[in-house]
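Take a look at the following structure, please.
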Amino acid sequence: MNHHDTHPENGYTLTDEEFRSELLKMKELNINTIRTSHYPPTPVFLELCDEMGFYVILETDIETHGILRRYANVAYRFDVDSEDWPGTDPRWRKEHLERMERAVNRDKNHCSIIMWSTGNESGHGPNHEAMIDWLHSLKDGRLVHCEDASRKGDYSRADVISNMYHDVQKLQNMAQDPQIRRPIMLCEYAHAMGNGPGDVWDYNEVFNRYPNIIGGCVWEWADHTVIKDGVQCYGGDFPGELTHDENFCCNGLVSPDRTPHPGLMEVKKVYQDVEFELIEGGVRIHNNFNFTDLAKYSFRYVVKREGVVVYQAALPSVKCAAGESVDVAIAYPVIDNSAEYTLDFEASGMMHNLLKAGAMQSVVVATEQFVLRPYDFAKSEPEGTIVIERGDDWVMAFAGNKAVLFSTESGEILSYVSNNRDVMKQLPEPWFWRAMTDNDWGAGFHRIADVWRTNSRKPLGATVEEHADRLVVRGEFQIENAPSYYTQTYTFLADGSLKVEVAWRKGEEDLPEMPRFGMRMILPADYKKFTYYGRGPWENYADRCESSFLGRYEQSTDEQLFHYVRPQESGNKSDVRWLELMGSEGRGIRIEGLQPLNVSAMPY
């Protein structure tokens with residue numbers, strides 16, 4: 001984890017207890033390595049790291065990132081071969097060496113430090129080489145880290161090959177390259193700005209597969225803001241700023257007040273040191289700790305039938321040395337074929353209580369979920385009959401107390417009524433846009449994907465099929481701003497339910513990535529009770545869902561929007577089988593997926 005000393009009211013000053021609380025929280029989250037980006041921290045921080053058992057990459061205070069902007073109207077790029085960088089200029093040699101020497105001489109007795117780092121994003125030249133040579137002359141057994149040397153392709157001096165933000169495939173290619181004979185790491189990866197990070201699981205799968213990759217440090221721990229008149233402020237919020245990076249300092253896994261972001265739970269899951277493997281008649285537990293026996297942890301498991309607990313039990317004491325595995329027999333009732341069943345495991349241990357000095361508390365350190373029997377999305381259509389009425393440009397169908405009205409010219413749904421009341425305030429419509437995340441903005445995705453911002457569409461025609469037990473209305477549309485074709489098929493069934501199927505096909509033009517493929521509807525404001533069976537309880541996405549287990553969750557729509565420093569896309573739930581949104585009078589809507597759904601229910 002990359003860590004800055006930061007506080008929303010006290011700047012770079014934290015109390016000893018605030019540092020302790022921060023590090024204890026990291027321990028709860030299975031974080032074991034800290035890069036002191038990008039300067040040596042206050043000594044008490046290192047004392048606490050010694051005490052708690054962190055690995056520390058101690059970075060000296062050298063950063064000349066700003067030189068990238070030394071020329072007006074010149075593109076931003078890391079021109080590390082340029083002679084302009086202070087690391088290449090012999091006039092700056094003494095200053096480079098002094099900063100490294102001061103950091104080492106101040107902190108060399110801290111047992112938590114496993115690497116010395118020559119700085120961050122400061123080019124690479126003879127002055128860095130002199131720093132590395134001086135560090136090697138100490139022969140203190142610590143590795144030397146220099147990311148900019150790897151950026152330049154110089155692997156001759158630093159002890160580790162360290163890069164930033166390589167994609168998973170490139171990292172895997174490096175691990176398989178026989179010419180690379182040093183440990184590989186990512187000193188920064190999984191940029192956690194705003195609603196992120198994604199793909200942490202994929203990165204760590206590669207970390208774990210290749211022994212020559214020693215891991216990486218997520219960027220970064222905490223969002224940086226300054227509280228001004230009760231408001232969180234960042235770049236551009238202060239008078240007289242000529243240059244700023246807007247909210248680019250808000251890229252942590254916790255908010256400035258240390259509220260965990262949903263993405264932090266994914267990091268905890270990925271970093272856990274206990275692994276579960278389902279085997280015949282039991283579970284194989286792998287102890288991936290380096291020093292700790294599993295005897296200090298307690299284990300339990302739960303069987304759920306479509307999210308409802310039907311059986312739970314504790315495992316007997318699990319004794320398993322570091323680096324070893326053990327098989328444990330488990331028992332649970334026979335499951336039937338009528339529903340989805342899941343098996344959840346949990347390991348917990350005692351850690352210091354953050355709120356009460358000297359007290360201990362039980363903390364979950366590892367979890368896993370297995371699907372014993374998958375969900376059956378196939379639905380048998382209800383029996384019965386419906387009543388159909390036709391007009392010049394419309395068709396209407398009735399089933400009990402429900403009715404639906406369609407345009408026969410476009411195939412669009414015009415009304416859906418239950419007990420003479422509209423089920424929705426605004427009926428479903430194609431929706432290809434979503435709010436941008438911070439990382440989207442950084443990548444310019446709001447410009448790249450702008451053609452999807454509106455869903456302007458032109459009807460191309462409709463077909464109507466009338467049957468005794470169902471009405472099928474199909475409409476085809478041309479998406480105008482992103483030239484392509486969209487088909488929606490509504491089937492009104494004998495029980496009054498409405499089956500919705502949609503399809504999209506590309507036109508002749510190449511189009512940018514679609515931000516979202518789905519439908520949007522607006523429901524009555526009092527439909528606040530949100531119950532669903534899917535992944536949760538926190539927000540999750542296709543690339544960030546390993547920590548979010550299938551379950552039945554009861555929430556409020558008011559809980560769905562996570563308050564990132566800058567408002568953005570939030571609140572998605574993935575692999576949803578069904579959901580209900582209910583109002584205060586017991587009225588509402590139930591939606592069942594024909595396949596796993598992504599769903600968000602926003603309170604606006």
Side-chain angles (χ1 to χ4, degrees), residues 2 35-39 57-71 74-101 103-104 114-138 142-191 203 206-207 210 212-220 442:
N2 282 279
R35 177 184 177 220
T36 67
S37 49
H38 300 293
Y39 42 79
I57 303 169
L58 195 289
E59 193 151 87
T60 196
D61 186 16
I62 294 178
E63 164 111 33
T64 55
H65 199 154
I67 201 171
L68 297 170
R69 299 293 194 192
R70 63 194 181 277
Y71 302 123
V74 174
Y76 176 103
R77 64 189 181 90
F78 270 93
D79 54 345
V80 291
D81 291 319
S82 169
E83 299 285 320
D84 294 346
W85 291 79
T88 304
D89 189 334
R91 292 174 297 177
W92 291 98
R93 176 186 174 93
K94 177 174 177 289
E95 284 72 18
H96 279 71
L97 279 169
E98 279 185 351
R99 290 207 174 185
M100 192 74 255
E101 291 168 2
V104 169
I114 62 166
M115 285 189 207
W116 301 115
S117 175
T118 60
N120 182 70
E121 295 175 337
S122 49
H124 183 68
N127 298 341
H128 294 93
E129 294 172 355
M131 295 164 70
I132 296 171
D133 291 344
W134 180 81
L135 288 167
H136 281 148
S137 73
L138 301 176
R142 292 177 170 114
L143 299 177
V144 176
H145 171 275
C146 181
E147 180 269 336
D148 273 307
S150 300
R151 187 194 299 272
K152 193 174 181 179
D154 181 356
Y155 303 155
S156 62
R157 280 182 165 82
D159 297 317
V160 296
I161 296 172
S162 177
N163 295 99
M164 297 180 178
Y165 308 110
H166 277 354
D167 61 45
V168 172
Q169 186 59 54
K170 186 170 184 178
L171 186 64
Q172 182 170 301
N173 293 343
M174 291 179 66
Q176 296 172 345
D177 187 345
Q179 301 302 314
I180 296 179
R181 307 178 64 84
R182 300 183 186 225
I184 299 166
M185 67 172 289
L186 295 179
C187 62
E188 295 179 21
Y189 83 108
H191 195 262
Y203 275 105
V206 174
F207 292 169
Y210 296 99
N212 54 339
I213 301 180
I214 59 176
C217 296
V218 171
W219 186 266
E220 63 167 311

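Position 1 is the first residue of the sequence, and the numbers go up from there.
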Tyr203: partners by ring-ring contact (aromatic ring centres under 6.0 Å, His included), with sequence neighbours left out: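 Applying ring-ring contact (aromatic ring centres under 6.0 Å, His included) to Tyr203 gives Tyr189.
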Non-hydrogen atoms of His128 and Gly123 that approach each other most closely: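 Heavy-atom minimum between the residues: CE1-O, 3.2 Å.
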CE on Met185 to CD1 on Ile161, rounded to 0.5 Å: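 Reported value, rounded in 0.5 Å steps: 12.0 Å.
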Polar side chain donor-acceptor pair, Thr118 to His124, under 3.5 angstrom: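 No, no side-chain donor-acceptor contact under 3.5 Å.
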Atom of Asn212, atom of Ala175 and distance for their closest heavy-atom approach: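 Heavy atoms of Asn212 and Ala175 come nearest at ND2-O, 2.9 Å.
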All ring-ring contact (aromatic ring centres under 6.0 Å, His included) counterparts of His38, not counting sequence neighbours: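 Result, ring-ring contact (aromatic ring centres under 6.0 Å, His included) vs His38: His4, Trp219.
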Exercise: do Asn2 and Arg35 side chains pair donor with acceptor under 3.5 Å: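 The answer is yes; a qualifying pair exists.
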Whether Arg182 side chain and Ser156 backbone form a donor-acceptor pair below 3.5 Å: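 Looks like yes, one N/O pair under 3.5 Å.
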Donor-acceptor pair between Tyr39 and Glu63 side chains, under 3.5 angstrom: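 Short answer, no.
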Interatomic spacing from SG in Cys146 to CZ in Arg157 - rounded to 0.5 Å: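 With rounding to 0.5 Å, SG (Cys146) is 10.5 Å from CZ (Arg157).
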Closest contact, heavy atoms only, Glu147 versus Cys187: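 The answer is CG-SG, 3.5 Å.
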Gap separating the OG atom of Ser117 from the CG atom of Asp148, nearest 0.5 angstrom: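 Those atoms lie 9.0 Å apart.
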